[in-house]
Amino acid sequence: MSVRYRKQDRVAYVTLDRPHVLNAMDLRTHEELAEIWDDFEADDDLWLGVLTGAGERAFSVGQDLKELAALTELGQAAPSTFGSRGKPGWPRLTERFGLAKPLIARVDGYALGGGCELALACDVIVASDRSVFGLTEARHGLIPGAGGVFRLTRQAPYRIAVGHLITGRHFDAARAYELGLVNEVVPAAELDASVASWVEDILRCAPLSVRAIKEAAASSETLTLADAFAARYVWEEQRMHSADAIEGPLAFTQRRDPVWRGR
């Protein structure tokens, strides 16, 4: 197996497990990840996910270029562009635009190419201070086809983003934090505790509220303020009629912790 998948206390822990190649993702990895994301979405007992890479050297350095080169020599690698439709593992995380449950990227070490794109597709990024980010595809005759071109220019200042995209330059965790690309940077020894704190805080919130907020924030990004108020949000319609919407205020008035049911 190229990916480890563990469920514990409402949380799905997904670990890219190819540390010998800095968690580079081959086709088998993408196939395994697709099954995991399908299960994560379908399992009502899971309210949150944490994505990371095995070892202390890398979150992921992206596409397994040795595999790509081998397939190209055999004439088995079709030309690629944006997106993964028609490829193993579709839709990959970077194209699961309707994924309502939040994901935390736990980044320790290199997050390059497709690895950086995976992190950018998550909702929260917590990084160790030794982490390094970069979209290096242009150096290899490729493009950040898993959405890096689109997400980096939306999540960082445009000119800064383009500068990194057309040079493949790396940037460290401190710089990523300055640009607003990561939520928190901590010493490597404190990384797990920091991630656990984010997990705890998210689980303290009503799961339907979290999903409704994520959906509204993402889908209204290109709308005017007036259109954003008038738009329809599927998860918000579920939240507003849910038992949890009653439980929250009731628990507050009774001075107790709410018991969320996710419905």
Which residues pass the side-chain hydrogen bond (donor to acceptor under 3.5 Å, both in side chains) test with Asp172, sequence neighbours left out?
none
Ile143/Phe82 under side-chain contact (heavy atoms from CB on, under 4.5 Å): CA gap, chis, key distance, verdict:
CA-CA 8 Å; Ile143 59 166; Phe82 295 109; 3.5 Å; yes
Clusters formed by hydrophobic residues whose side-chain heavy atoms approach within less than 4.5 Å: which one holds Phe97, and what are its other members?
none
On a heavy-atom basis, which atom in Ala58 and which in Asn23 lie closest, and how many Å separate them?
O-ND2, 2.8 Å
Looking at residues at least two apart in the chain, or sitting in another chain, which of them share a side-chain contact (heavy atoms from CB on, under 4.5 Å) with Gln238?
Val234, Trp235
Evaluate the salt bridge (Lys or Arg N to Asp or Glu O under 4.0 Å) criterion for residues Asp45 and Arg10: first the C-alpha distance (whole Å), next the side-chain angles of each, then the deciding distance (0.1 Å), finally the verdict.
CA-CA 6 Å; Asp45 290 331; Arg10 301 286 190 184; 3.5 Å; yes
Using atom types as modelled, flag every donor-acceptor pair under 3.5 Å from a side chain in residues 160-170 to any protein atom, sequence neighbours excluded.
unit_1: His164; atom_1: ND1; unit_2: Arg169; atom_2: O; d: 3.1
unit_1: Thr167; atom_1: OG1; unit_2: Gly163; atom_2: O; d: 2.7
unit_1: Thr167; atom_1: OG1; unit_2: Arg169; atom_2: N; d: 3.1

Partners passing side-chain contact (heavy atoms from CB on, under 4.5 Å) against Thr224 (at least two apart in sequence or in another chain)
Ala226, Asp227
I need the full list of side chain to side chain donor-acceptor pair (under 3.5 Å) pairs touching residues 120-133, with sequence neighbours left out, sorted by first then second residue.
Asp108-Ser128, Asp108-Arg130, Asp123-Lys214, Ser128-Ser131
Is any side-chain heavy atom of Leu118 closer than 4.5 Å to a side-chain heavy atom of Leu16?
yes
Mind checking the NZ-CZ spacing from Lys7 to Phe40? Nearest 0.5 Å is all I need.
10.5 Å
Are there over 12 heavy-atom neighbours, none belonging to Tyr177, within less than 6.0 Å of that residue's OH?
no
Of all residues at least two apart in sequence or in a different chain, which pass the salt bridge (Lys or Arg N to Asp or Glu O under 4.0 Å) check with Arg151?
none
Besides Phe229, the hydrophobic cluster formed by Ile, Leu, Val, Met, Phe, Trp and Tyr side chains linked at under 4.5 Å, directly or via other members, contains Leu225
Got a sec, which pairs hit side chain to side chain donor-acceptor pair (under 3.5 Å) with one end in residues 185-208, sequence neighbours left out?
Arg106-Asp192, Glu184-Ser194, Glu184-Trp198, Glu200-Arg204, Asp201-Arg204
Tell me, yes or no, whether the heavy-atom count around Gln155 atom CD, taken from other residues, nucleotides or ligands under 6.0 Å, exceeds 12.
yes
For Ala243, side-chain contact (heavy atoms from CB on, under 4.5 Å) partners two or more places apart:
Arg261
Member of Thr29, Asp26, Leu22 meeting the side-chain contact (heavy atoms from CB on, under 4.5 Å) criterion with Asp64:
Asp26
Which pairs, with at least one residue in residues 74-91 and sequence neighbours excluded, count as a salt bridge (Lys or Arg N to Asp or Glu O under 4.0 Å)?
none
Ala245: partners by side-chain contact (heavy atoms from CB on, under 4.5 Å), with sequence neighbours left out
Arg239, Ser242
Val199 side chain reached by Ile104 side chain, heavy atoms, under 4.5 Å:
yes
Check Lys101 against Asp43 and note the closest heavy-atom contact, atom names and distance.
NZ-O, 2.6 Å
